[in-house]
Amino acid sequence: MRDPNPPAPSGGFRVVSWNIRAGIGPGEPFPPGWWRHVSLKRLEAIAAFAAGLEADVVTLQEVAILNADGALLDQPSLLATLTGLEVRYAATHAYPLVEPETDRSVGSAMWGNAILTREPLHDPFALGLPRAADDELVEPTGADHALAGIPYADVEPGHREPRCAVGGRVALPGGSVGILTTHLTYIGRDQRARQAETIAETTGMPPPLVVTGDFNAPIEAAELATLRASLTDAFDAVGVAQGDDRRRSCGPWSIDHVLVRGLDVEGCRVAREAGDLSDHWPVVVDLRRPAH
């Protein structure tokens, strides 16, 4: 039986992008009192699966640092320890954990993105992304959306949850490579477009460059146009067309992406053998510097 995950080709390197849903596991809707559903056993399984992918860089979204009832859980540090990799983490907000039954605050949490690498990142950075204003509409009046015509001031605060990117440069075969990962908003196309534009502006760093994340939109979405204009989609590079079922990374949706500049894409796939460790599956990409 063919190994579904052979090592990266000699002289190349492997990058993974995975939304791990903080170790809660799949299921809709997002559970109230979500911190009660975080499973250490699941986080250990996520780390073991990520390590088994033999990646040089693992980028993760929906990674939490939280304390509930006085118990601290530092997921970025835990995942780094379990995988034996270095970690960088960014979150740009914290919020209270409130028991849904009693309305009692029992702690707080940060919700962000992490990068795990064999060698420490250098020139690291974190970047907060744009949020919608109170008077902006979630979607234009008349749009085919349940919140069309409604201003953000009148919807739940989570619809403007602060989003961020984390990145830096890392030593990989052949030299330094820029890495950035992010998680764009799940609601409001204009808000998501501004976040994508900010990422595109940030990726002016010298190539080679890899940008990953859960963009909450397919790569062909209008709001991702600035990213498409400045970076190459890894699936496109290996001939997997937009809308192809092989791109699905979260149920029926193809919303997790790896984009590159100044690199050749040797392979790109969704690792669905991860099963139900998260509500997303990892995207696994093999890269190589162009031959001169």
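By convention here, the first residue in the shown sequence is residue 1.
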- Query: What closest approach, in Å, do Ala234 and Val265 show between heavy atoms, and which atom pair accounts for it?
  - Reply: O-CG1, 3.8 Å
- Checking Gln195 side chain against Pro130 main chain: does a donor-acceptor pair fall under 3.5 Å? yes
- Note on the structure: Here the pair of heavy atoms bringing Ala47 nearest to Leu79 is CB-CD2, 4.0 Å
- Donor-acceptor pair, side chain of Arg118 and main chain of Glu86, under 3.5 angstrom: no
- Query: Can you find a side-chain donor-acceptor pair between Ser278 and Arg21 that sits under 3.5 Å?
  - Reply: no
- To the nearest 0.5 Å, atom CG of Asp236 lies from atom CG of Leu231 at 12.0 Å
- Message: Go through it in stages, so that I can follow the logic: the residues are Asp245 and Arg272, the test is salt bridge (charged side-chain N to carboxylate O under 4.0 Å, His left out), and I'd like the CA-CA distance, side-chain angles, deciding distance and then a yes or no.
- Response: CA-CA 12 Å; Asp245 183 71; Arg272 293 184 191 155; 3.6 Å; yes
- Task: Look at the side chain of Glu62 and the backbone N and O of Ala22, then say whether any donor-acceptor pair between them is shorter than 3.5 Å.
- Result: no
- Query: For His183 and Arg163, what are the C-alpha separation, side-chain angles and deciding distance, and is it a side-chain hydrogen bond (donor to acceptor under 3.5 Å, both in side chains)?
  - Reply: CA-CA 7 Å; His183 185 191; Arg163 303 290 173 130; 3.2 Å; yes
- Query: Near Arg131 CZ, under 6.0 Å, is it more than 12 heavy atoms from other residues, nucleotides or ligands?
  - Reply: yes
- Task: State, with a plain yes or no, whether a side-chain heavy atom of Val283 is found less than 4.5 Å away from one of Thr212.
- Result: no
- Message: For Asp103, I'd like to know if atom CG has over 12 heavy atoms of other residues, nucleotides or ligands within 6.0 Å.
- Response: no
- Cys164 backbone acceptor or donor facing Thr182 side chain under 3.5 Å: yes
- Would Asn67 and Ser108 count as a side-chain hydrogen bond (donor to acceptor under 3.5 Å, both in side chains) if you check the C-alpha gap in whole Å, the side-chain angles of each, and the deciding distance to 0.1 Å? CA-CA 6 Å; Asn67 70 88; Ser108 63; 3.1 Å; yes
- Quick one: CG on Leu227 to OG1 on Thr198, what's the gap to the nearest 0.5 Å? 10.0 Å
- Message: Under the criterion side-chain contact (heavy atoms from CB on, under 4.5 Å), I'd like the reasoning laid out for Ile65 against Trp111: C-alpha separation, chi angles, the key distance, then a yes or no.
- Response: CA-CA 7 Å; Ile65 297 177; Trp111 194 258; over 6 Å; no
- Note on the structure: Rounded to the nearest 0.5 Å, the CZ atom of Arg169 sits from the CG atom of Leu180 at a distance of 11.5 Å
- Task: Start with the C-alpha gap between Arg246 and Arg269, add the side-chain angles, then the distance that decides, and say whether side-chain contact (heavy atoms from CB on, under 4.5 Å) holds.
- Result: CA-CA 7 Å; Arg246 288 174 289 176; Arg269 72 182 188 93; over 6 Å; no
- Message: Quick one, Asp154 and His159 - any side-chain contact, counting heavy atoms below 4.5 Å?
- Response: no
- Query: Nearest 0.5 Å, what's the CZ-OG1 distance between Arg160 and Thr185?
  - Reply: 10.5 Å
- Contact check, side chains of Thr181 and Val211, non-hydrogen atoms, under 4.5 Å: no
- Among Arg247, Arg248, His280, whose side-chain hydrogen bond (donor to acceptor under 3.5 Å, both in side chains) with Asp256 holds? His280
- Task: Using the side-chain contact (heavy atoms from CB on, under 4.5 Å) rule, pick out the option among Thr232, Ile219, Val210 that qualifies with Leu259.
- Result: Ile219
- Query: Between atom CG of Leu66 and atom CD of Gln75, what is the distance when rounded to the nearest 0.5 Å?
  - Reply: 6.0 Å
- Are Arg192 and Asn216 close enough that some pair of their side-chain heavy atoms sits under 4.5 Å apart? yes
- Check Cys268 against Val238 and note the closest heavy-atom contact, atom names and distance. CB-CG2, 4.0 Å
- Measure across Ala217 and Ile255 and return the closest heavy-atom pair with its distance rounded to 0.1 Å. N-CG2, 3.5 Å
- Query: Would you call Leu172 and Val57 a side-chain contact if the rule is heavy atoms closer than 4.5 Å?
  - Reply: yes
- Test side-chain contact (heavy atoms from CB on, under 4.5 Å), reference Ile46, set Leu277, Thr83, Leu82, Leu60, output is Leu277
- Closest approach of Leu224 and Pro218, non-hydrogen atoms and distance? CD1-O, 3.3 Å
- salt bridge (charged side-chain N to carboxylate O under 4.0 Å, His left out) evaluation trace for Glu266 with Arg14: CA-CA 10 Å; Glu266 301 271 302; Arg14 177 167 292 159; over 6 Å; no
- Measure the shortest side-chain to side-chain distance between Leu263 and Arg289 over non-hydrogen atoms and say whether it is less than 4.5 angstrom. yes
- Yes or no on salt bridge (charged side-chain N to carboxylate O under 4.0 Å, His left out) for Glu197 and Arg228, after CA distance, side-chain angles and deciding distance? CA-CA 11 Å; Glu197 288 165 6; Arg228 292 195 305 275; over 6 Å; no
- Message: Below 30° counts as parallel, above 60° as perpendicular, anything between as tilted: where do the rings of Phe215 and His257 land?
- Response: tilted
- Would you please classify the geometry between the Phe30 ring and the Trp34 ring as parallel, tilted or perpendicular, with 30° and 60° separating the classes? tilted
- Connected via hydrophobic side-chain network under 4.5 Å: Tyr186 and Ile150: yes
- Note on the structure: In this structure, OG1 of Thr117 is separated from CG of Asp56 (nearest 0.5 Å) by 10.0 Å
- Query: Should Met110 and Tyr89 count as side-chain neighbours, where that means a heavy-atom distance under 4.5 Å?
  - Reply: yes
- Looking only at heavy atoms, the pair that brings Ser105 and Pro96 closest together is OG-CB, 4.0 Å
- Task: Indicate whether any N or O donor in one side chain lies under 3.5 Å from an N or O acceptor in the other, for Gln61 and Asn113.
- Result: no
- Yes or no on side-chain contact (heavy atoms from CB on, under 4.5 Å) for Val87 and Leu85, after CA distance, side-chain angles and deciding distance? CA-CA 6 Å; Val87 66; Leu85 299 173; over 6 Å; no
- Task: Give a yes or no on whether Ile187 and Leu184 share a hydrophobic cluster (residues Ile, Leu, Val, Met, Phe, Trp, Tyr; joining criterion: side-chain heavy atoms under 4.5 Å apart).
- Result: no
- Message: Using only atom types and a distance under 3.5 Å, with no angle test, would you say the side chain of Ser254 pairs donor to acceptor with the backbone of Gln242?
- Response: no
- Give the C-alpha distance, both sets of side-chain angles, the deciding distance and a yes or no for salt bridge (charged side-chain N to carboxylate O under 4.0 Å, His left out) between Arg288 and Asp264. CA-CA 5 Å; Arg288 184 189 298 274; Asp264 290 339; over 6 Å; no
- Query: Just checking, is any N or O donor in the side chain of Gln191 or Tyr152 under 3.5 Å from an acceptor N or O on the other one?
  - Reply: yes
- Query: Would a 4.5 Å heavy-atom cut-off, applied to side chains only, mark Leu78 and Leu40 as touching?
  - Reply: yes
- Message: Test side-chain contact (heavy atoms from CB on, under 4.5 Å) on Val258 and Asp233; report intermediate values, then the result.
- Response: CA-CA 6 Å; Val258 175; Asp233 171 55; over 6 Å; no
- Message: So does Asp74 get a backbone contact from the side chain of Ser77, meaning a donor-acceptor N/O pair under 3.5 Å?
- Response: no
- Query: Would Trp18 and Phe49 count as a close aromatic pair, with their ring centres under 6.0 Å?
  - Reply: yes
- Query: Within the side chain of Glu139, is there an N or O that forms a donor-acceptor pair under 3.5 Å with the backbone of Asp144?
  - Reply: no
- Query: Counting distance only, does the side-chain N/O of Glu99 pair as donor-acceptor with the main-chain N or O of Val106 below 3.5 Å?
  - Reply: no
